[in-house]
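Residue numbering restarts at 1 for every chain, and letters A, B, ... go by the order of the sequence lines. None of these values were measured; they are calculated from a predicted model.
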Amino acid sequence: MAKQQQNAISPVRENNFPEWYQQVVKAADMAENSEVRGCMVIKPWGYGLWEQIQGQLDVMFKETGHKNAYFPLLIPVSYLEKEATHVEGFATECAVVTHHRLELKDGKMVPAGELSEPYVIRPTSETIIGAAFARWVQSYRDLPLLINQWANVMRWEMRPRLFLRTAEFLWQEGHTAHETPEEAMEETRKMHAIYEEFLREHLAIPVIPGEKTEGERFPGALNTFTIEAMVQDRKAIQAGTSHFLGQNFSKAANIDFEGREGKREFAWTTSWGVSTRLIGTLIMAHGDDDGVIIPPRVAPTQVVILPIIPKEEMRESVLAACQQLAKDLRSQQVWGAPVRVEVDERDLGGGVKNWEWIKKGVPVRVEIGPRDLEKGSVAVTRRDGGHRDKAFIANEEAVAQMPDTLLSIQNNLLDRALAFREEHTCEVHSAEEFHAFFTAQNTDQPEIHGDLHWGTGADLPRTKMLCRKKAK
RNA sequence: CGGGGCGUAGCUCAGCUUGGUUAGAGUGCCUGGUUUGGGACCAGGAGGCCGAAGGUUCGAAUCCUUUCGCCCCGACCA
């Protein structure tokens, strides 16, 4: 009997949160660092989660009238130059393509064929999409134009962290053009609300929607709205953004149209996005000292069935029972789709297998062994409960109850996250209160989180602030 | 880009201060058997130009120089 660790992840959250995070990502087999600095390899379990996020958000985008399209990875540098604030904002983190060929020199491949105009690998696509919109929009009848793209982008980050901040990441960027500022602002707010809903209802993460101060605005935007989530080190993380761009980009890209009165007008545009950072946010919001806990609604596999095979001659009958159960479970619906089930038939020790799934955070584990075959029962374990809290219940009952169990886990995760946030949040209403809060509680090392442009103190930022309560 | 830490087996690390047989452990991996409802056991096996390049030396994982990379904190960011 090897010594048993108390927790699957070391260090535990309380001792070293950043290190805990990295260990969890590794233990859950979600992603790894690649040989290219700042870039990650997203492994099947991590990508499966992204596919769920992508698929479910995509439905919400389509329901609100958006259509997907795809724009080029490479952007002419001159495009970025068109919007002054925008250039400034992204200039320091752009990867630049300057050559289109390699030549062999002294056994090394060296760049050759210099481009007359360099390209930037998109850090975001406002400019190149703006150029396309300028071609597509002629009349007010062409508006609104509601486009989304699922893509990778690249921002040369100083300090990458898996999922949270990588040089290359996956995201969606919505870009829309409207006839009036009111319509564009409505769109901006609508998508902001969709993000809030998606995190709450799908990722089980409560967020605080708000508006960024001037210093934190997207480069080139008039207003930037974000959703802010609190994770378990009590820090806030920006989980999604929606921007009202005014006419800044339409003037830069010349997106104009003939209006109802026959006058040429510039369109009003928006952009909005969420990225693979959502995965990191989810891990930090729900994970525990045994690994990830994935909310059932977005889990790539919602139920894993673990065959228990003590004697070789039982293999066939146990596996048959597992496959039958999987089939029965798949006939159940939850959130409008069949329950996602996997049978883990790998010939591994029961404990090892069990712990792998605990670390991955699959919401429900179902064990089936010879004793169950006799009794017609199964052992059901929830990831949000104790690992040995097994419910031995009748087969049919387990099948019938599964949708409710998944819903219950989903609700529990949201409740937990909400309670945690409430416990560690306070609202302040003046600069005085604000400074009192931080300086009083951190006299030795005053800590200030977030953007602190209080001005005279009369105008409060519209974003509520998450105040990190004093440790201990 | 500033401050700190670290590069030795797939992974986690010991060895380095005080150079000296064939470079070690745990875990993982492979084979065979016993196992399997809390991370199992026995036996055998594969796997390393000690991050890279120079230098000092009879001799370098160990000392010196340079370089590349990784991690943490800060600034910046989805």
Separation of atom [atom1] in [X] from atom [atom2] in [N], rounded to whole Å:
X	N	atom1	atom2	result
A:Glu19	B:C13	CD	P	9 Å
A:Lys26	B:U27	NZ	C1'	13 Å
A:Arg217	B:C76	CZ	P	17 Å
A:Ile9	B:C11	CD1	P	18 Å
A:Glu312	B:U36	CD	P	12 Å
A:Met154	B:C77	CE	P	19 Å
A:Ile368	B:U36	CD1	P	18 Å
A:His86	B:C77	NE2	C1'	14 Å

Would A:Glu228 and A:Arg421 pass as an ion pair if we require N to O under 4.0 Å? no
Strictly below 4.0 Å, N to O, side chains only: are A:Arg365 and A:Glu356 in salt-bridge contact? no
Which atom pairs, one a donor and one an acceptor, fall under 3.5 Å between side chains of residues 83-97 of chain A and the rest of the protein, sequence neighbours left out?
unit_1	atom_1	unit_2	atom_2	d
A:Glu83	OE1	A:Thr85	N	3.2
A:Glu83	OE1	A:His86	N	2.9
A:His86	ND1	A:Pro219	O	3.2

Under 4.0 angstrom, heavy atoms only, what part of the nucleic acid is [X] near: base, sugar-phosphate, or nothing?
X	value
A:Pro18	sugar-phosphate
A:Pro370	base
A:Thr281	nothing
A:Gly273	nothing
A:Leu348	base
A:Gly351	sugar-phosphate

For [N], what is the paired nucleotide under Watson-Crick or G-U wobble rules, both distances under 3.5 Å?
N	value
B:U35	none
B:A9	none
B:A75	none
B:A46	none

Nearest-nucleotide comparison on RNA chain B, the residue closer to the 5′ end among A:Arg277 and A:Ala379: A:Ala379
Between A:Gln238 and A:Phe392, which residue's closest nucleotide on RNA chain B lies nearer the 5′ terminus? A:Phe392
Spacing of the [atom1] atoms in [M] and [N] (rounded, Å):
N	M	atom1	value
B:A23	B:G15	C1'	8 Å
B:A60	B:U18	C1'	15 Å
B:U66	B:G4	P	15 Å
B:G20	B:C50	P	16 Å
B:A53	B:C71	P	23 Å
B:A43	B:G28	P	15 Å
B:A75	B:G39	C1'	42 Å
B:A25	B:A9	P	14 Å

Looking only at side-chain atoms of [X], point me to the closest of [options].
X	options	value
A:Asp347	B:C77, B:G38, B:U35	B:U35
A:Ala8	B:G39, B:A78, B:U36	B:G39
A:Arg165	B:A78, B:U36, B:G39	B:A78

Is A:Asn7 close enough to B:G39 that one of its side-chain N or O atoms is under 4.0 Å from OP1 or OP2 there? no
side-chain N/O A:Gln22 vs B:C72 OP1/OP2, d < 4.0 Å: yes
Do A:Asp372 and B:G37 share a donor-acceptor pair, side chain to base, under 3.5 Å? yes
Does a distance-only test, which skips hydrogens and angles, find a donor-acceptor pair under 3.5 Å between the side chain of A:Arg155 and the base of B:C77? no
A:Trp150 side chain vs A:Leu170 backbone, donor-acceptor pair below 3.5 Å: no
A:Trp355 vs A:His387, test: ring pair (Phe, Tyr, Trp, His ring centres under 6.0 Å). Steps then yes/no. CA-CA 9 Å; A:Trp355 277 99; A:His387 302 323; 5.3 Å; yes
Between B:A78 and A:Phe169, is there a base-stacking contact, meaning the centre of the base's six-membered ring lies under 5.5 Å from the residue's ring centre while the planes stay under 30° apart? yes
Any residue meeting side chain to side chain contact (heavy atoms under 4.5 Å, CB included) with A:Glu396, in chain and number order, not counting sequence neighbours: A:Ala394
Contacting residues from residues 40-64 of chain A, given that a heavy atom lies under 4.0 angstrom of RNA chain B: none
A:Lys82 charged N/C atom sitting above A:Tyr79 aromatic ring, 6.0 Å / 45°: yes
Classify the ring geometry of A:Trp357 against A:Trp45: parallel below 30°, tilted from 30° to 60°, perpendicular beyond 60°. perpendicular
Give me the ring orientation class for A:Phe61 and A:His66: parallel if the planes are under 30° apart, tilted from 30 to 60°, perpendicular past 60°. perpendicular
Might you work through the side-chain contact (heavy atoms from CB on, under 4.5 Å) test for A:Ile368 and A:Leu306, ending with a clear yes or no? CA-CA 6 Å; A:Ile368 300 186; A:Leu306 305 168; over 6 Å; no
